[in-house]
Amino acid sequence: MRIYQTNEIKNIALIGSAGSGKTTLAESMLFESGIIKRRGTVEGKNTVSDYFPVEQEYGYSVFPTVFHVEWNNKKLNIIDCPGSDDFVGGAITALNVTDQAVILVNGLYGPEVGTMNAFRNTEKLQKPVIFLINQLDRENCDFDMVISNMREIYGSKCVIVQYPIATGPGFNAVIDVLLMKKYSWKPEGGAPIIEDIPAEEMDKAQELHAALVEAAAGNDDALMEKFFEEESLTEDEMREGIRKGLVSRSIFPIFCVCAGKDMGVRRLMEFLGNVVPFVNDMPTVSNTNGDAIKPDSNGPESIFFFKTGMEPHIGEVSYFKVMSGSVKPGDDLTNADRGSKERMGQIYACAGANRIPVDEMKAGDIGCTVKLKDVKTGNTLNGKDCDWSFNYIKYPNSKYSRAIKSVSASDMEKMMAALQKMRQEDPTWVVEQSKELRQTIVHGQGEFHLRTLKWRLENNEKLQVKYEEPKIPYRETITKTARADYRHKKQSGGAGQFGEVHLIVEPYTEGMPDPVVYKFNGQEFKMNIKGKEEIDLEWGGKLVFINSVVGGAIDARFMPAILKGIMERMEQGPLTGSYARDVRVIVYDGKMHPVDSNELSFMLAARQAFSAAFKEAGPKILEPIYDLEVLVPADYMGDVMSDLQGRRAIIMGMDSEAGYQKLTAKIPLKELSSYSIALSSLTGGRASFSTSFSSYELVPNDIQQALIAQHEAEEKENE
């Protein structure tokens with residue numbers, strides 16, 4: 001294929017709800033452009049997009065598929081994205097490297113929660129949007145109702161470019177109010193029959209045409225002036241106005257197709273080729289230094305790797321966008337993130353599992369390569385005298401977590417290697433080896449997301465694994481002041497062990513004054529501070545360690561050992577073995593032996609004294625609390641609220657957003673464990689949610705007692 005210049009390249013993401021027909025549309029687009037000779041089907045498991053075994057197993061897109069078409073001397077790079085919210089990472093990746101979103105809307109259901117989530121992502125990234133109403137041949141499809149719902153949600157920026165003459169199984173014609181023509185198709189679809197608009201449709205077509213002309217004119221002062229004078233624009237002027245409106249997100253054109261019958265696809269591609277923005281029409285992306293990088297073919301060579309695919313018989317396929325300059329096979333480049341050198345092998349234009357070799361790719365183009373030595377998703381390769389790197393793709397927080405372990409202990413290392421490899425394919429699979437919980441945790445976007453991970457490990461990697469409930473990272477703290485002492489003494493022939501530590505513990509709060517005097521059982525303890533350390537704990541909170549020993553009762557050389565003993569107990573709290581936090585410890589007295597005292601003795605004495613004092617200081621367990629935001633259809637609001645109240649959630653507020661109810665709450669992490677499954681079950685999959693860590697708060701007393709009892713039972717089992 002020929003080399004396309006930056007001003008001949010357009011990058012487009014196909015996004016929308018699961019089941020809206022993106023993969024089927026992609027198949028028709030590839031067929032219309034001649035990339036494939038026969039259209040496959042999702043049911044037949046032979047589409048260009050869903051070619052991974054796990055996608056064929058579930059009948060769902062799991063990964064974004066990159067393909068291209070050549071149309072009217074332009075190259076359209078298109079990414080078909082998964083629709084399920086569990087695989088939102090693919091859509092977010094695609095939106096970040098493309099310049100135009102086509103949001104598919106199911107003609108039967110209209111805008112769904114997936115449509116809304118897709119739109120919100122375009123809003124965050126300020127990407128142009130075209131709405132494509134698909135499946136107009138479905139029984140009970142009501143186009144006018146869909147349009148009404150869309151305008152209620154997305155406002156008057158939704159402007160009809162095409163409308164169907166009839167919907168349902170007999171659908172075969174639309175009125176195009178941009179070109180003011182009727183398009184109809186034979187049962188096999190494909191090339192349309194283009195005719196004048198029938199008389200009975202003319203009034204409606206003219207009214208919608210006028211609305212489209214006004215919307216197009218509103219994006220350019222000169223066009224608006226001409227519109228006021230003549231009340232019309234030429235076809236080219238309308239295209240220019242729509243293009244500017246797309247870039248500024250002041251117009252969302254609405255098109256109609258039946259992708260399964262290849263009706264309307266060719267006209268859509270004409271619009272994409274003629275009207276949507278080129279790469280160089282869009283705002284520039286900034287590198288990690290904050291510099292705006294233009295897609296300039298004559299600039300420094302820099303390519304960003306946004307996706308990795310693992311394919312049988314090939315290995316890693318690395319997908320990239322040329323951010324600047326141009327790339328050719330054989331180019332010697334430097335990895336800005338890893339410092340390694342790479343030589344580019346053959347570069348390809350993408351077509352799903354098929355790849356077409358090309359000799360060069362210019363700034364703004366999207367392609368792939370294979371057999372790179374040391375390039376991971378998110379890395380940047382640069383040519384000489386260029387040190388740019390890019391980190392502009394931000395993924396959502398995880399929503400569902402499970403502890404994972406291999407059924408065979410000997411497979412643990414293989415499992416970890418496979419998990420890290422799979423995370424290159426989908427960065428929203430997050431793998432954590434938790435020292436605190438002593439578990440390997442995998443985090444994802446939902447139960448289906450992690451079920452897919454397990455399927456791939458078992459079927460592709462031949463590793464048997466099992467999921468368990470993840471432990472909760474509780475924290476322990478204290479609520480009052482307490483005192484304790486402990487003598488460690490051991491004699492077993494020769495030099496013995498001796499160390500005695502007296503200490504006070506109290507809750508720590510930021511900015512509290514240094515201690516002066518304490519009273520316990522009528523006895524007064526005056527503090528004379530010799531040294532103070534404030535330690536920011538890696539798990540949050542602080543430990544403040546004060547040396548108030550006077551008269552040489554404990555030699556200063558033993559103070560680090562005492563601190564070490566306290567820190568060890570902070571890492572395994574006395575109540576449940578969870579991390580302790582926000583404690584001030586004052587060591588005020590002790591004893592030592594001229595021969596038998598050593599670091600180990602004082603470390604053990606401090607550990608025991610701290611543990612005893614902690615248990616007397618009103619110890620409390622803290623649990624992680626998360627901010628929760630749920631988007632739910634109004635019909636299900638009552639059920640969702642009742643469920644949340646049963647999960648110890650505190651409802652913080654309710655609002656409406658784009659036709660849905662938005663509910664915000666604070667909820668314990670423990671209660672979020674299976675929330676994605678419960679919410680899907682309650683709402684038939686029509687709601688979505690997001691979470692973020694908020695704070696640590698005290699657990700209710702009954703739960704605290706149960707946690708302590710459970711920990712004590714586990715300790716006895718392990719003795």
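Quick caveat, the model's predicted, so the values are computed rather than measured.
- At most 12 heavy atoms of other shown residues, nucleotides or ligands fall within 6.0 angstrom of atom CD in Glu413.
- A side chain to side chain donor-acceptor pair (under 3.5 Å) with Thr576 is found for exactly one of Gln704, Lys471, Glu476, namely Glu476.
- One finds the CE atom of Met422 at 12.0 Å from the CD atom of Gln424 (value rounded to the nearest 0.5 Å).
- Atom-to-atom distance recorded for Thr452:OG1 and Asp86:CG is 7.5 Å, nearest 0.5 angstrom.
- In this structure, Phe306 has its ring center no closer than 6.0 Å to that of Phe320.
- A cation-pi geometry, defined here as NZ or CZ lying under 6.0 Å from the six-membered ring centre and within 45° of its normal, holds between Lys399 and Phe689.
- Side chains of Asn382 and Ser302: a donor on one and an acceptor on the other come within 3.5 Å.
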- prompt: Given Asp514 and Lys532, is the side-chain contact (heavy atoms from CB on, under 4.5 Å) satisfied, shown in steps?
  reply: CA-CA 10 Å; Asp514 289 338; Lys532 176 179 173 182; 2.7 Å; yes

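- Aromatic pair Phe448/Tyr400: centroids not less than 6.0 angstrom apart.
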field: Step-by-step side-chain hydrogen bond (donor to acceptor under 3.5 Å, both in side chains) determination, Asp639 to Ser642
entry: CA-CA 5 Å; Asp639 292 340; Ser642 297; 5.7 Å; no

- request: Check the pair Asp485 / Val501 against side-chain contact (heavy atoms from CB on, under 4.5 Å), numbers first and verdict last.
  value: CA-CA 5 Å; Asp485 56 72; Val501 173; over 6 Å; no

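- Using modelled atom types and a 3.5 Å distance limit, the side chains of Glu432 and Thr440 yield no donor-acceptor pair.
- Tyr319 has its ring centre no less than 6.0 Å from the ring centre of Phe305.
- Between Tyr579 and Tyr474, the distance separating the two ring centers is not shorter than 6.0 angstrom.
- In Met654, the CE atom is not crowded: 12 or fewer heavy atoms of neighbouring residues, nucleotides or ligands sit closer than 6.0 Å.
- Counting heavy atoms of neighbouring residues, nucleotides and ligands inside a 6.0 Å radius, atom NZ of Lys376 exceeds 12 of them.
- Between the side chains of Lys341 and Thr334, at least one donor N or O sits under 3.5 Å from an acceptor N or O.
- A donor-acceptor pair shorter than 3.5 Å cannot be found between the side chains of Glu436 and Ser434.
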List the atom pairs, donor and acceptor, that lie under 3.5 Å between side-chain atoms in residues 545-567 and the rest of the protein, sequence neighbours left out.
residue	atom	partner	partner atom	Å
Asn547	OD1	Val549	N	3.0
Ser548	OG	Asn528	N	2.8
Ser548	OG	Asn528	O	3.2
Asp555	OD1	Arg557	N	3.1

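- The shortest distance between side-chain heavy atoms of Gln491 and Phe498 does not fall below 4.5 Å.
- Neither side chain, His449 nor Glu447, offers a donor N or O lying under 3.5 Å from an acceptor on the other.
- Taken from OG in Ser597 to NZ in Lys489, the straight-line distance is 11.0 Å, to the nearest 0.5 Å.
- For the residue pair Tyr588/Arg483, the side-chain donor-acceptor check at 3.5 Å is satisfied.
- Taken to the nearest 0.5 Å, the OH atom of Tyr518 stands 6.0 Å off from the OG1 atom of Thr481.
- Residue-environment remark: CD (Glu616) stays at or below the threshold of 12 foreign heavy atoms within 6.0 Å.
- Here Leu628 contributes atom CG and Leu644 contributes atom CG; the two are 6.0 Å apart, rounded to the nearest 0.5 Å.
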- prompt: Yes or no on side-chain contact (heavy atoms from CB on, under 4.5 Å) for Ile621 and Leu698, after CA distance, side-chain angles and deciding distance?
  reply: CA-CA 6 Å; Ile621 298 172; Leu698 296 174; over 6 Å; no

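- Qualifying salt bridge (charged side-chain N to carboxylate O under 4.0 Å, His left out) partners for Arg456, counting only residues two or more places apart in sequence or in other chains: Glu425.
- Atom CG in Leu95 sits 10.0 Å away from atom CD1 in Ile393 (nearest 0.5 Å).
- A side-chain donor from one of Tyr395 and Thr93 sits under 3.5 Å from a side-chain acceptor of the other.
- In the displayed structure, Ile529 atom CD1 is contacted under 6.0 Å by more than 12 heavy atoms of other residues, nucleotides or ligands.
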